[in-house]
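Have a look at the structure below, then the notes.
For this chain, numbers begin at 1 and follow the sequence in order. Predicted model only: the values in this text are computed from it and were never measured.
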Amino acid sequence: MARKIREDFTSSQEEPEPTLCPLCERMIPAGDEDAHHLVPKSKGGKQTVLLHKVCHDQIHAVFTNAQLAKTFSTIEAILENPEIQKFVAWVKNKPAGFSGSAKESQQGRGRR
């Protein structure tokens with residue numbers, strides 16, 4: 001019977017690649033990922049990106065689903081918004097597992 005080479009087993013025991021939040025570029029701890037639909041599901045969206053919960057909450061605090069579907073359906077477009085830029089500048093220095101709170105959501109109130 002042939003001996004198994006130890007190297008054959010190392011690839012299955014490797015740590016998974018860390019997930020980086022595309023909004024704040026901090027590492028997302030395993031199990032703390034929050035899937036954001038680039039176009040809201042209510043508007044027919046299917047594609048998602050993984051974000052920190054606090055980053056995801058902030059997106060929905062700043063934008064309505066209609067705004068996300070029409071104008072802010074990419075991370076690049078979201079990052080162009082001054083409110084998001086201010087948030088990212090603040091949160092990027094927080095630890096990866098930081099879980100603050102976002103401001104009040106746009107979904108339940110009238111337009112600005």
Side-chain angles (χ1 to χ4, degrees):
M1 185 189 245
R3 288 171 119 182
K4 294 195 178 200
I5 300 172
R6 184 176 186 91
E7 293 166 4
D8 291 344
F9 296 103
T10 57
S11 63
S12 64
Q13 296 173 355
E14 289 179 14
E15 292 289 320
E17 287 286 322
T19 303
L20 291 180
C21 177
L23 200 68
C24 69
E25 298 180 340
R26 295 178 301 137
M27 187 181 76
I28 305 172
D32 287 345
E33 307 97 346
D34 215 11
H36 170 66
H37 283 84
L38 292 171
V39 173
K41 282 176 32 176
S42 63
K43 305 289 183 185
K46 295 187 186 317
Q47 184 181 2
T48 62
V49 293
L50 294 178
L51 305 170
H52 287 103
K53 178 160 178 36
V54 69
C55 295
H56 189 204
D57 290 347
Q58 186 66 24
I59 289 171
H60 287 285
V62 172
F63 305 113
T64 63
N65 281 346
Q67 290 172 316
L68 287 169
K70 185 175 181 181
T71 309
F72 299 100
S73 61
T74 66
I75 293 296
E76 292 78 17
I78 291 168
L79 285 168
E80 290 178 6
N81 178 275
E83 286 184 71
I84 295 295
Q85 290 173 357
K86 183 178 175 181
F87 168 79
V88 169
W90 172 76
V91 81
K92 73 179 181 180
N93 295 317
K94 305 291 185 227
F98 174 77
S99 60
S101 60
K103 65 182 194 176
E104 183 181 337
S105 173
Q106 287 277 337
Q107 301 305 313
R109 39 182 194 157
R111 294 180 60 101
R112 291 184 177 174

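Contact check for H52 versus P29: side-chain heavy atoms found under the 4.5 Å cut-off. In this structure, K41 and N65 have side chains that are not in contact, with every pair of non-hydrogen atoms separated by 4.5 Å or more. Side-chain contact check for L51 versus I59: some heavy-atom pair is nearer than 4.5 Å. Within the 4.5 Å cutoff, the side chain of T74 has no heavy atoms near those of the L38 side chain. Between F63 and T71, every side-chain heavy-atom pair lies at or beyond the 4.5 Å cut-off. I78 places a side-chain heavy atom less than 4.5 Å from the side chain of H36.
The CZ atom of F87 sits 8.5 Å away from the CG atom of D57 when rounded to the nearest 0.5 Å. Atom NE2 in H60 sits 8.5 Å away from atom CG in D34 (nearest 0.5 Å). Taking CD from E25 and CG from L79, the interatomic distance works out to 8.0 Å, rounded to the nearest 0.5 Å. Going from atom SG of C21 over to atom CD1 of I75 covers 7.5 Å, rounded to the nearest 0.5 Å.
Closest approach of K43 and A69 over heavy atoms only: CG-CB, 3.7 Å. Taking both residues in full, the closest heavy atoms of A77 and F72 are given as O-CD2, 3.4 Å, listed atom of the first, atom of the second, then distance. When every heavy atom of C24 is checked against every heavy atom of C55, the shortest pair comes out as SG-SG, 3.8 Å. Residues R26 and V54 approach most closely at NH2-CG1, 4.0 Å, considering heavy atoms.
Under the 4.5 Å side-chain heavy-atom criterion for Ile, Leu, Val, Met, Phe, Trp and Tyr, V91 and V49 are members of the same hydrophobic cluster. The hydrophobic clustering, which links ILVMFWY residues whose side-chain heavy atoms are closer than 4.5 Å, places I84 and I28 apart.
Only one option out of K86, K92, K94 pairs with W90 in a side chain to side chain contact (heavy atoms under 4.5 Å, CB included); it is K94.
Applying the ring pair (Phe, Tyr, Trp, His ring centres under 6.0 Å) rule to H37 yields no partners; only residues at least two apart in sequence or on another chain are considered.
Cluster note: V39 groups with no other residue, as no ILVMFWY side-chain heavy atom lies under 4.5 Å from it.
Heavy-atom contacts from other residues, nucleotides or ligands closer than 6.0 Å to CD of Q47 number 12 or fewer.
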